[in-house]
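Computed from heavy atoms alone, side chains included, the values below leave out hydrogens, waters and symmetry copies. One-based numbering along the sequence shown.
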Amino acid sequence: QVQLVDSGGGSVQAGGSLRLSCTASGYTLRSYSMGWFRQAEGKEREGVAGIDTDGSTRYTDSVKGRFTISQDVAKNTLYLQMNNLKPEDTNMYYCAANTRYRVAWHSLLIQAQYNYWGQGTQVTVSS
């Protein structure tokens, strides 16, 4: 059974950094496309970063140059390194995996492409 466990969230001041982790079980990480999403209360879930099975990545414009998505296959863990955090980055962050097919690069940030989700980890950035 596939399970994703998110961790690493917390409270930081603007300009600070956090690294989110998503530990997967029940499958090999690089076998499937994965992504990070975020959602504020009352708003739709937004794609932040995605990574394909060949390692290619995609980011939403607001985080380009500040966030980096990566994988550690040995640890079966997906990461999101977040630098130069801004108050508008405050959200619940979720990792996601598509275990049905390889997601096209242009669709990596689309919520509907993913069938497994982590439980979420809260990131709060104060000004």
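- The shortest side-chain heavy-atom distance between Thr90 and Val123 does not fall under the 4.5 Å cut-off.
- At a threshold of 4.0 Å, the pair Lys64-Asp61 counts as salt-bridged, since one of the basic side-chain nitrogens sits closer than that to a carboxylate oxygen.
- Here Gln81 contributes atom CD and Arg19 contributes atom CZ; the two are 7.0 Å apart, rounded to the nearest 0.5 Å.
- Put simply, the side chain of Tyr59 does not reach to within 4.5 Å of the side chain of Leu109, judged on heavy atoms.
- Cluster membership for Ile51 and Val63, using ILVMFWY side-chain heavy atoms within less than 4.5 angstrom, is shared.
- The side-chain heavy atoms of Met34 and Leu4, taken from C-beta on, include a pair separated by under 4.5 Å.
- Contact check for Trp36 versus Asp6: side-chain heavy atoms found under the 4.5 Å cut-off.
- Checked against the 6.0 Å centroid criterion, the rings of Phe37 and Tyr114 qualify as a close aromatic pair.
- The shortest distance between side-chain heavy atoms of Gln111 and Tyr94 does not fall below 4.5 Å.
- Checking Ser25 against Asn76 by side-chain atom types alone, no donor-acceptor pair falls below 3.5 Å.
- Using a 4.5 Å heavy-atom cutoff, the side chains of Asp89 and Arg66 are in contact.
- Residues Met92 and Glu41 form no side-chain contact, since every pair of their non-hydrogen atoms from C-beta on lies 4.5 Å or further apart.
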